[in-house]
**Q** 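The structure that follows is given in the form of structure tokens.
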Amino acid sequence: MVNLTLLGAFIPTFLFVSVTPGMCMTLAMTLGMSQGVRRTFWMMWGEMLGVGLVAIAAVLGVAALMLQFPTVFQWFKIVGACYLGYIGLQMWRAKGKLAVPELGASPQLMPRSTLFSQGFVTAVSNPKGWAFHMALLPPFIDSKLAFWPQLLVLVLIILLLEFLSMLLYASGGKALASLLRQQSKVQWLNRIAASLMFAVALWMLLG
């Protein structure tokens, strides 16, 4: 089904890529701070759906077509970045559903659909992600073996690595939130989370 030699090189390569800080990992940490790890799972499902679609489309050549029409793609990025920037501004002011509450207060939980869509939009609006999968994924497909079974296995491995990396970042965000709440530094926590959200928005615009 797959070339085990190629697979042995594929896993560490994509593990390094997944665990490296990026838009989705930063978003996972931010949501881990304000929504908790369990709620962040909904963002993760959306992100993994987006990554899976990007990986398959990139291998099939759709990425080349999308990169030839950057205007539509750019507007999609701008809308997504503005929304994330708006959320970041609310967090800076300790308002909105992503703001981290004081110790003992119940957090305002975002709708699951909103969390899911945030993950999906963040994953598919990154042109570097399209270009990266288009350039890096095909070399790990053995032309002597059946195409679709190989692609399915590789995409599933990518999604598993993405999930574990986001879980690590979300858990780190929750731990940081707990520490700063105990020290009555909730304002700092909100501003750290807001800065991370601003970074994701800027990343989306400049990527």
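Hydrogens, waters and symmetry mates are skipped; everything else that's a heavy atom, side chains included, is used.
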**Q** From L202 CG over to M23 CE, what is the distance, rounded to the nearest 0.5 angstrom?
**A** 11.0 Å
**Q** With respect to F147, which candidate in D142, L152, V59 satisfies the side chain to side chain contact (heavy atoms under 4.5 Å, CB included) definition?
**A** V59
**Q** So how far is it from I157 CD1 to F14 CZ, rounded to the nearest 0.5 Å?
**A** 10.0 Å
**Q** Quick one: list whatever passes side-chain contact (heavy atoms from CB on, under 4.5 Å) with F116, sequence neighbours left out.
**A** W45, L49
**Q** Got a second to check how far T13's OG1 is from L6's CG, nearest 0.5 Å?
**A** 10.5 Å
**Q** Under 3.5 Å, side chain of Q35 to main-chain N/O of M110, donor-acceptor pair present?
**A** yes
**Q** Please report the closest heavy-atom contact between A55 and H133, naming both atoms and the distance.
**A** CB-CD2, 3.8 Å
**Q** With distance as the sole test, does Y169 use its side chain to make a donor-acceptor pair with the main-chain N or O of T30 at under 3.5 Å?
**A** no
**Q** If you measure from CG on L15 to CD on E162, what distance do you get to the nearest 0.5 Å?
**A** 10.5 Å
**Q** Evaluate the ring planes of F41 and F163, with Trp represented by its six-membered ring, and classify them as parallel (under 30°), tilted (30 to 60°) or perpendicular (over 60°).
**A** tilted
**Q** Hey, what else clusters with L145 if you join Ile, Leu, Val, Met, Phe, Trp, Tyr whenever side-chain heavy atoms sit under 4.5 Å?
**A** none
**Q** Which of these, I56, V54, L154, sits in a side chain to side chain contact (heavy atoms under 4.5 Å, CB included) with L137?
**A** L154
**Q** Can you tell me how far OG1 of T40 sits from CG of L27, rounded to the nearest 0.5 angstrom?
**A** 8.5 Å
**Q** Measuring from W42:CH2 to T114:OG1, what's the distance to the nearest 0.5 Å?
**A** 12.0 Å
